[in-house]
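Since the structure comes first, as structure tokens, the remarks are kept for the end.
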Amino acid sequence: MADACVIGVDLGGTKLLAGTVDAELRVHHRAYRLSRRDAVLETIVDAVEEAREAASGEVLAVGVGVPCVVTPGAGVAMACNHFPLVDVPLRDLLAERLGLPVVVDNDATAALVAEWRYGAARGARNALTLTVGTGVGGGILVDGHIVRGVSGAAGELGHFVIDESGPPCPGNCPNRGCLEAFVSGPALAIEGRARAEADPESGLGRAFAGGREITGPLVTELAHDGDEAARGAVAALGRHLGIGIVGLVNVFNPEVVVVGGGLVAAGDLLLAPAREVVAARALVPARDQVRIVPARFGDESGMLGAAALAFEVAGNLESIG
């Protein structure tokens with residue numbers, strides 16, 4: 001059993017990551033796939049099988065994080081903003097296909113598990129995670145317990161409204177002005193394109209004129225390279241993020257807010273403006289007690305948290321949350 005491992009899976013809005021993970025949370029193999037709305041189950045199984053073949057020892061269990069409202073314990077995807085998953089018994093379907101114990105949870109809750117137990121929120125009893133990628137996921141820790149709500153629907157922090165007259169929220173959300181509408185990879189692309197058109201001599205402007213698609217990763221790359229238009233786009237998202245965090249800090253009074261997901265690659269270009277907004281607008285004393293930090297595990301928090309949940313199912317770790 002020395003080489004025993006689990007497989008953690010993080011299903012995102014645009015990509016899927018599966019990892020073969022040992023008990024020290026070291027990743028020995030990573031399998032990447034593009035997310036497919038029309039073949040979610042097949043994509044997960046395919047990536048898990050690749051990770052399984054790469055394992056040097058016994059695979060004990062599989063943990064899967066999905067961007068859905070998940071029934072606690074049962075692993076049923078009840079509703080999902082970005083995939084057509086409604087009342088789908090993912091845990092049982094995957095266990096049948098894979099022949100392994102499977103645990104399914106919300107992807108941002110899985111990220112919270114990784115960051116709380118091993119990462120940037122370690123030692124905290126009150127913490128929030130925000131995973132900022134294609135959408136915005138959230139995880140809530142209160143007095144050392146993960147908050148799931150009556151049916152598992154708690155933690156949809158990306159749908160915290162910051163502007164009632166704002167743009168329509170992406171996906172299946174019926175609301176307007178949600179945090180996710182202002183702070184996400186697609187939102188950064190929209191902001192970047194607007195600034196490229198407004199400043200054609202900028203790095204963003206030249207990239208756009210040269211036919212390059214303005215994407216979140218491109219804006220982040222140019223921002224790190226010092227392009228002022230790109231930096232302005234990232235900072236604008238950071239301020240919107242700060243507005244969302246102000247409301248969450250006032251409600252939950254956390255010790256730490258951990259920001260992960262793909263957009264955390266922007267680092268302090270994103271987080272510094274968010275911290276400034278929180279310092280100016282959140283209530284005392286919560287304002288002065290909270291830390292806003294990047295995820296220790298970056299955009300792999302969800303996969304590693306899913307792996308930690310899989311070890312729990314296999315009986316190798318104490319119960320989480």
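Values below: every heavy atom of this structure, side chains too, minus hydrogens, waters and symmetry copies.
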Determine, using the 4.5 Å side-chain heavy-atom cutoff (strictly less than), whether [X] and [Y] are members of one ILVMFWY cluster.
{"X": "Leu237", "Y": "Val257", "result": "yes"}
{"X": "Val104", "Y": "Val69", "result": "no"}
{"X": "Leu270", "Y": "Val264", "result": "no"}
{"X": "Ile44", "Y": "Leu304", "result": "no"}
{"X": "Leu128", "Y": "Val136", "result": "yes"}

Task: Under 3.5 Å: donor-acceptor pair, side chain of Asn106, backbone of Thr109 - done: yes
TODO: Spell out, as yes or no, whether a donor-acceptor pair under 3.5 Å connects the side chain of Trp116 to the backbone of Ala127.
DONE: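 Not a single qualifying donor-acceptor pair exists.
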Can you tell me how far the [atom1] atom of [X] sits from the [atom2] atom of [Y], to the nearest 0.5 Å?
{"X": "Asp10", "Y": "Lys15", "atom1": "CG", "atom2": "NZ", "answer": "8.0 Å"}
{"X": "Thr14", "Y": "Arg37", "atom1": "OG1", "atom2": "CZ", "answer": "13.0 Å"}
{"X": "Ile245", "Y": "Leu271", "atom1": "CD1", "atom2": "CG", "answer": "7.5 Å"}
{"X": "Thr129", "Y": "Leu157", "atom1": "OG1", "atom2": "CG", "answer": "7.0 Å"}

Can you see which heavy atom on [X] is nearest to which on [Y], and at what distance?
{"X": "Ala223", "Y": "Ala230", "value": "N-CB, 3.5 Å"}
{"X": "Ala306", "Y": "Ala110", "value": "N-CB, 3.7 Å"}
{"X": "Gly242", "Y": "Val277", "value": "C-CG1, 3.7 Å"}
{"X": "Val70", "Y": "Gly75", "value": "CG1-CA, 3.9 Å"}
{"X": "Cys169", "Y": "Ala181", "value": "CA-CB, 4.2 Å"}
{"X": "Asn172", "Y": "Cys80", "value": "ND2-O, 2.8 Å"}

Task: For Glu300, all residues meeting salt bridge (Lys or Arg N to Asp or Glu O under 4.0 Å), sequence neighbours excluded - done: Arg30
- [ ] Tell me, please, which residues at least two apart from Glu49 pass salt bridge (Lys or Arg N to Asp or Glu O under 4.0 Å).
- [x]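 Salt bridge (Lys or Arg N to Asp or Glu O under 4.0 Å) check on Glu49 returns Arg52.
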Can you tell if the side chain of [X] reaches within under 4.5 Å of the side chain of [Y], non-hydrogen atoms only?
{"X": "Ile190", "Y": "Arg193", "answer": "no"}
{"X": "Leu141", "Y": "Asn126", "answer": "no"}
{"X": "Leu16", "Y": "Tyr32", "answer": "no"}

Output a table of donor-acceptor pairs, distance under 3.5 Å, between side-chain atoms of residues 279-299 and any protein atom two or more places apart or on a different chain; print 'none' if there are none.
residue : atom : partner : partner atom : Å
Gln289  : OE1  : Asn253  : ND2          : 2.9
Arg296  : NH1  : Tyr118  : O            : 2.4

Any side-chain donor-acceptor pair under 3.5 Å between [X] and [Y]?
{"X": "Glu180", "Y": "Asn81", "result": "yes"}
{"X": "Ser301", "Y": "Glu115", "result": "yes"}
{"X": "Glu53", "Y": "His29", "result": "no"}

Could you pull out all donor-acceptor pairs under 3.5 Å where a side-chain atom in residues 203-221 meets a protein atom, sequence neighbours excluded?
residue : atom : partner : partner atom : Å
Arg206  : NH1  : Glu201  : O            : 2.4
Thr215  : OG1  : Leu218  : N            : 3.2
Thr220  : OG1  : Gly216  : O            : 3.0

Open item on the list: Determine whether Arg176 and Asp163 satisfy the following criterion, salt bridge (charged side-chain N to carboxylate O under 4.0 Å, His left out), listing intermediate values before the conclusion.
Closed with: CA-CA 7 Å; Arg176 303 182 70 93; Asp163 181 356; over 6 Å; no
Below 3.5 Å, can you tabulate the donor-acceptor pairs from side chains in residues 20-28 to any protein atom, sequence neighbours excluded?
residue : atom : partner : partner atom : Å
Thr20   : OG1  : Ala51   : O            : 2.8
Asp22   : OD1  : Glu24   : N            : 2.9
Asp22   : OD1  : Leu25   : N            : 3.2
Asp22   : OD1  : Arg26   : N            : 2.9
Asp22   : OD2  : Arg26   : NE           : 2.8
Asp22   : OD2  : Arg26   : NH2          : 3.2
Asp22   : OD2  : His28   : NE2          : 2.7

TODO: May I ask you to decide whether Glu50 forms a salt bridge with Arg33, counting only side-chain N to carboxylate O separations under 4.0 Å?
DONE: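 Yes, Glu50 and Arg33 are salt-bridged.
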Please set out all donor-acceptor pairs under 3.5 angstrom arising from side-chain atoms of residues 89-103, sequence neighbours excluded.
residue : atom : partner : partner atom : Å
Arg91   : NE   : Ala74   : O            : 3.3
Arg91   : NH1  : Gly73   : O            : 2.8

